[in-house]
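Notes follow the structure.
When a ligand or atom number is given, it counts from 1 through the structure's own listing order. One is the number of the first residue; the rest follow in order along the sequence.
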Amino acid sequence: MGLVFQYKRAVMEAGDEILKLEGKCGVSGGVQDMYGEDKATEDQLVTPWAVSVASGQILLRDPRYNKGTCFTEKERDAFFLRGLLPPVIMSQEDQEKKLMTNLRNYEVPLHRYMAMMDLQERNERLFYKLLIDNVEELLPVVYTPVVGEACQKYGSIFRRPQGLYISLKEKGRILEVLKNWPVKAIQVIVVTDGERILGLGDLGCQGMGIPVGKLSLYTALGGVRPSACLPITIDVGTNNQKLLDDEFYIGLRQKRATGEEYAEMLEEFMSAVKQNYGEKILVQFEDFANHNAFELLARYRTTHLVFNDDIQGTASVVLAGLIASLKVHGCTLADHTFLFLGAGEAGTGIAELIALEISKRTNSPLEENRKKIWLVDSKGLLVSSRLESLQHFKKPFAHEHEPVDNLLDAVKAVKPTVLIGTSGVGKTFTKEVVEEMSSLNEKPLILALSNPTSQAECTAEEAYTWSKGRAIFASGSPFKPVEYEGKLHVPGQANNAYIFPGFGLGIIMSGTVRVHDDLLLAASEALASQVTEENYEKGLIYPPFTSIRKISANIAAKVATKAYELGIASLLPQPRDLVHYAERCMYTPTYRNYR
Ligand SMILES: NC(=O)C1=CN([C@@H]2O[C@H](COP(=O)(O)OP(=O)(O)OC[C@H]3O[C@@H](n4cnc5c(N)ncnc54)[C@H](OP(=O)(O)O)[C@@H]3O)[C@@H](O)[C@H]2O)C=CC1
Ligand SMILES: CC(=O)C(=O)O
Ligand SMILES: [Mg+2]
């Protein structure tokens with residue numbers, strides 16, 4: 001009987017991996033295992049990890065190794081499964097077909113989400129097979145928009161905990177908490193503090209649905225193996241009174257820690273992560289409020305391998321759409337005038353990356369290019385007379401202009417060719433706004449990026465109808481195709497899910513040690529280059545998600561290539577064919593045979 005590990009199995013794998021990678025031995029002659037027991041002195045506390053071969057019920061209850069009715073006769077004998085399963089032996093394809101039929105029978109989207117989460121906890125490979133093979137159908141279930149509702153109701157749909165919860169109660173002991181996670185060979189962490197969950201605001205500890213969802217996309221879309229992914233929620237309290245009053249709320253029942261207490265918590269977390277997983281652990285910050293997000297990124301980007309998906313991933317995906325759309329407009333990026341509704345993480349992140357790309361393309365100063373980009377926040381257009389009171393990330397975009405206090409007037413004043421919604425507020429691209437954009441532009445480019453669907457600045461139908469079928473439209477959450485005057489318009493999904501899985505894969509597979517802006521630009525170019533003539537004809541500026549694994553492999557290869565060029569990739573020698581290498585690195589969900 002072969003090795004099928006039960007609990008803590010990855011400790012052994014991690015040990016093997018480390019041996020392979022570093023060939024080191026512990027001080028007392030043993031293997032230098034990842035938890036350091038062999039390095040511990042006799043009086044230090046150690047964790048009593050045990051490794052055994054799973055069989056019987058334990059094997060069936062282990063999501064990583066369970067195959068349900070797919071276990072063969074031979075495996076049923078070898079692993080003491082006889083009688084624990086019905087006699088039928090199904091193929092994985094039949095299991096998939098059955099589950100998709102069941103899922104489609106649920107009318108309530110949240111029930112589909114719950115069924116998918118149950119599957120993930122029961123049979124991981126089947127979960128990923130479903131997600132990969134039916135990506136367009138299931139992405140909206142495990143990701144936006146349904147994940148938003150799941151987070152709002154997380155307390156009541158909560159069954160088995162997923163991911164790692166680190167609360168203020170654990171301050172001072174975060175390293176210890178990390179060590180409780182059974183897998184040591186982690187490559188990506190997605191962490192949130194739950195303060196800005198999509199456009200739904202502060203959902204505290206219930207934000208866990210986001211790291212869990214993002215990491216399932218790392219695996220399904222980017223091929224990073226599930227065991228290498230760790231979702232984390234840092235619970236520093238919540239200012240959401242409804243949650244604080246909810247008797248079933250799962251998080252700390254206190255107002256958010258701020259200032260020094262918050263900074264210390266995050267500092268301890270970041271140090272513990274590096275100490276436990278080493279230099280090359282990729283930490284993705286997700287859905288932090290902007291008053292912390294920019295600061296965390298600035299503080300850790302030079303010392304840790306960190307990436308803020310809302311600032312950087314979003315910027316990269318939007319830039320890709322803009323680059324792709326240049327073919328439609330027959331112009332250059334520098335010819336455009338951009339107007340944003342929303343000047344937070346997503347808005348200013350995108351704005352900065354556009355300015356950087358124009359600078360690189362035209363060899364012109366960044367400040368000059370920022371002048372082509374205008375942003376509106378909750379108080380109106382960013383203009384120089386507001387400079388003093390603006391947050392630091394808005395200041396570079398406060399241009400000379402009269403104050404303008406609403407979007408419609410801003411459109412009239414700025415005359416943008418591109419309108420981008422990053423406000424988190426639904427229905428803000430009104431009929432008048434879209435009509436004004438359409439009177440200014442033959443093919444107005446309108447991106448309603450806010451999530452989930454309820455917060456979209458406008459719907460696809462509104463964009464096409466109000467622009468009389470002329471808009472090029474994409475949104476953060478998916479919309480169905482719209483028929484307008486006999487022509488079918490297919491809206492694209494401008495969502496960072498196009499970028500982070502391939503981007504992360506590129507970083508991991510090349511051993512890149514820091515995230516550099518040029519890597520984001522490389523990812524944008526890689527994504528843009530994969531839009532086909534057929535896609536353009538349908539009105540798309542993004543390729544469809546159905547080919548996302550291929551897209552991710554190409555993004556990974558371009559990101560890795562750039563990292564090698566910059567000298568920040570540590571895997572040497574550089575693989576010759578990076579696309580092929582990326583594809584080979586990718587996790588596939590077909591069942592393995594057990595011996
Ligand atoms: N499609 C995608 O891939 C992504 C989408 N998003 C979505 O973008 C949205 C914003 O996220 P993020 O940038 O992180 O959030 P932030 O909180 O950082 O920024 C929101 C911005 O919108 C402004 N705003 C709020 N209400 C209004 C209003 N009524 N009129 C004009 N401006 C307004 C805020 O103004 P002020 O500064 O004055 O408060 C702020 O500048 C969310 O819905 C999120 O889901 C985010 C990341 C990726
Ligand atoms: C997509 C995403 O990251 C967000 O809406 O926050
Ligand atoms: Mg996000």
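Judged by distance alone, the side chain of Asp310 and the main-chain N or O of Asp287 form a donor-acceptor pair under 3.5 Å.
With a heavy-atom cut-off of 4.0 Å, Gln455 does not touch ligand 2 at all. Residue contacts with ligand 1 for Ala497 are absent, since no atom lies close enough (heavy atoms, distance under 4.0 Å). Contact annotation for Gln455 and ligand 1: no heavy atom of the residue comes within less than 4.0 Å of the ligand. Contacts between Asn496 and ligand 2, counted as non-hydrogen atom pairs separated by less than 4.0 Å, involve the side chain only. Neither the backbone nor the side chain of Thr314 has a heavy atom within less than 4.0 Å of ligand 2. With a 4.0 Å heavy-atom cut-off, ligand 1 is reached by no atom of Asp309. Using a 4.0 Å cut-off between heavy atoms, Val425 contacts ligand 1 through its side chain alone, with no backbone atom that close. Heavy atoms from both the backbone and the side chain of Asp377 come within less than 4.0 Å of ligand 1.
The closest approach between Val317 and ligand 1 stays at or above 4.0 Å for every heavy atom of the residue. In this structure, Thr428 has no heavy atom closer than 4.0 Å to ligand 1. Residue Leu198 places a heavy atom less than 4.0 Å from ligand 2. Assignment of Lys394 to the shell around ligand 1 is supported, since a heavy atom sits closer than 4.0 Å.
Environment of CD in Glu461: sparse, with no more than 12 heavy atoms of neighbouring residues, nucleotides or ligands closer than 6.0 Å.
The ring of Phe285 has its center closer than 6.0 angstrom to the ring center of Phe288.
Annotation: Lys379 places no N or O atom under 3.5 Å from an N or O atom of ligand 1; distance criterion only. Any N or O atom pair closer than 3.5 Å counts here, and Ala346 shares at least one such pair with ligand 1.
With 2.8 Å as the limit, Asp309 does not count as an N, O or S neighbour of the Mg ion (ligand 3).
Of all protein heavy atoms, the one closest to atom 8 (O) of ligand 1 is Ser450 OG, 3.8 Å.
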